[in-house]
Amino acid sequence: MAARRPGLIALFDVDGTLTAPRKVVTPKMLDFMRELRKVVTVGVVGGSDLVKISEQLGNGVLNDYDYVFSENGLVAHKDGKLIDTQSLKTFLGDEKLKEFINFTLRYIADLDIPIKRGTFIEFRSGMINVSPIGRNCSQEERDEFEKYDKIHNVRPTMVSILREKFAHLDLTFSIGGQISFDVFPKGWDKTYCLRYLEDFQEIHFFGDKTYKGGNDHEIFESERTVGHTVTSPDDTLEQCTALFINKTA
């Protein structure tokens, strides 16, 4: 196998790309990523915080990848070390945050869906994660809500209402995963992480929610990336094998 190609990085979404939704990465994918890292620089970018990314990719995630961008890159690690972090609280201020959170909780309280659990709003360093069903639901309940949402458009409808109500805050709403959507200032989507990759002339991004409104769309469409839509971890593996492994074998 050839030496690592300079100036090129393969950047991956987590949920639905390296793992099945909210599932742990398989040994097969871990082994493949280790082989891939021999030929290209490898990074991950997820909307979740580092704790949740570690739950899926393993506690050694900071050492398994050259770059780890949690919360869309608002918390950035390189070679296992923290290099930058941004705060939504500092950017918006408590009054604007309270206005948004109060309205959102009232909306969810009046929302008629089959079940509700707990943790409807999760405040992260650089974003707010909103879940109409609540993040404390089981995996079975996640799967059922995802099916329900595809029919009844619970999340798209909610996003549309919040976008109009809080247009003055210039927020971005990004639907990802099975049960929630992320809310953050404009420009704080996954393209945020690209500011740390100025040394790379060729950036390949792999994600499953690359459609408009999906949380991979902006970075997929960015002029700085070569975007690849994947349908599953196995599809990610196959595309990367064709693009990087077979070309250097």
Side-chain angles (χ1 to χ4, degrees), residues 13-16 20-23 46-49 51-53 55-56 70-72 74-75 86-190 192 207-218:
D13 166 53
V14 179
D15 225 33
R22 290 304 300 155
K23 297 292 180 66
S48 297
D49 58 33
V51 171
K52 289 185 177 62
I53 290 176
E55 288 174 355
Q56 291 184 264
S70 51
E71 301 188 41
N72 290 350
L74 298 170
V75 180
Q86 296 293 332
S87 168
L88 180 64
K89 179 181 176 181
T90 300
F91 186 85
L92 287 180
D94 281 327
E95 285 303 313
K96 292 178 180 177
L97 283 172
K98 185 172 68 174
E99 178 190 5
F100 178 85
I101 291 171
N102 286 348
F103 181 89
T104 302
L105 287 174
R106 284 194 294 268
Y107 181 96
I108 293 174
D110 293 334
L111 187 62
D112 184 16
I113 57 177
I115 62 170
K116 293 179 184 177
R117 292 301 178 247
T119 311
F120 302 101
I121 290 182
E122 185 176 81
F123 188 83
R124 301 172 183 171
S125 297
M127 68 178 68
I128 294 173
N129 180 266
V130 179
S131 175
I133 184 178
R135 298 194 63 86
N136 289 353
C137 59
S138 68
Q139 184 60 53
E140 182 180 357
E141 291 165 340
R142 281 174 172 268
D143 295 340
E144 289 302 314
F145 177 80
E146 183 179 28
K147 295 175 185 176
Y148 183 88
D149 189 40
K150 287 179 179 178
I151 298 172
H152 298 281
N153 293 313
V154 176
R155 287 184 293 173
T157 300
M158 188 174 179
V159 162
S160 178
I161 291 171
L162 290 174
R163 184 179 285 119
E164 181 178 354
K165 172 69 176 178
F166 294 98
H168 61 292
L169 297 185
D170 203 19
L171 298 172
T172 295
F173 297 82
S174 185
I175 296 174
Q178 296 177 287
I179 62 168
S180 65
F181 57 89
D182 295 327
V183 185
F184 43 84
K186 187 176 181 179
W188 285 24
D189 52 67
K190 287 183 178 178
Y192 193 93
D208 65 316
K209 290 182 169 57
T210 57
Y211 49 83
K212 188 173 183 179
N215 64 355
D216 297 323
H217 178 72
E218 290 84 2

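All residue numbers refer to positions in the sequence shown, counting from 1.
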What I'd like to find out is whether the side chain of [X] reaches to under 4.5 Å of the side chain of [Y], using heavy atoms alone.
X    : Y    : result
I133 : P114 : no
V183 : F166 : no
L97  : K89  : yes
I108 : M158 : yes
N129 : R135 : yes

message: Using the rule given for side-chain contact (heavy atoms from CB on, under 4.5 Å), can you reason through K209 versus D13, listing the C-alpha separation, both sets of side-chain angles and the distance that settles it, and then say yes or no?
response: CA-CA 9 Å; K209 290 182 169 57; D13 166 53; over 6 Å; no

If only atom types and distance count, is the side chain of [X] paired as donor or acceptor with the main-chain N or O of [Y] below 3.5 Å?
X    : Y    : value
N215 : S174 : no
Q56  : K23  : yes
D49  : V51  : yes
R155 : G176 : yes
D216 : D208 : yes
R124 : G47  : yes
E71  : G126 : yes
S180 : S131 : no

message: Testing the basics here: between I121 and I101, what is the closest heavy-atom pair and its distance to 0.1 Å?
response: CD1-CG2, 3.8 Å

task: Can you see which heavy atom on L88 is nearest to which on P185, and at what distance?
output: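 Minimum heavy-atom contact is CD1-CD, 3.4 Å.
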
- request: Begin with the C-alpha distance, continue with both residues' side-chain angles, and end with the deciding distance and a verdict on side-chain contact (heavy atoms from CB on, under 4.5 Å) for T210 and H217.
  value: CA-CA 4 Å; T210 57; H217 178 72; 5.7 Å; no

Atom pair [atom1]/[atom2] of [X] and [Y] - distance to nearest 0.5 Å:
X    : Y    : atom1 : atom2 : value
I128 : L171 : CD1   : CG    : 8.0 Å
T90  : D94  : OG1   : CG    : 9.0 Å
L105 : L111 : CG    : CG    : 12.0 Å
D189 : F173 : CG    : CZ    : 13.5 Å
D182 : S48  : CG    : OG    : 7.5 Å
Q139 : E144 : CD    : CD    : 11.0 Å

Y192 and F184 aromatic centres sub-6.0 Å: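 No.
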
- request: Test L92 against F100 for side-chain contact (heavy atoms from CB on, under 4.5 Å), laying out the working first.
  value: CA-CA 11 Å; L92 287 180; F100 178 85; over 6 Å; no

message: Can you list everything that forms a ring pair (Phe, Tyr, Trp, His ring centres under 6.0 Å) with F91? Sequence neighbours excluded, please.
response: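 Partners of F91 under the ring pair (Phe, Tyr, Trp, His ring centres under 6.0 Å) test: W188.
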
query: Is there a salt bridge (Lys or Arg N to Asp or Glu O under 4.0 Å) between E99 and K96 once you walk through the steps?
result: CA-CA 5 Å; E99 178 190 5; K96 292 178 180 177; over 6 Å; no

- prompt: Less than 4.0 Å between a side-chain N and a carboxylate O, is that true for E55 and K52?
  reply: no

task: Provide the full list of side chain to side chain donor-acceptor pair (under 3.5 Å) pairs with a residue in residues 106-121, sequence neighbours left out, each pair given once.
output: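 Found R117-E141, T119-N136.
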
task: Any ring pair (Phe, Tyr, Trp, His ring centres under 6.0 Å) involving residues 144-165? Give me the pairs, sequence neighbours left out, ordered by first then second residue.
output: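 Non-adjacent pairs meeting ring pair (Phe, Tyr, Trp, His ring centres under 6.0 Å): Y148-H152.
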
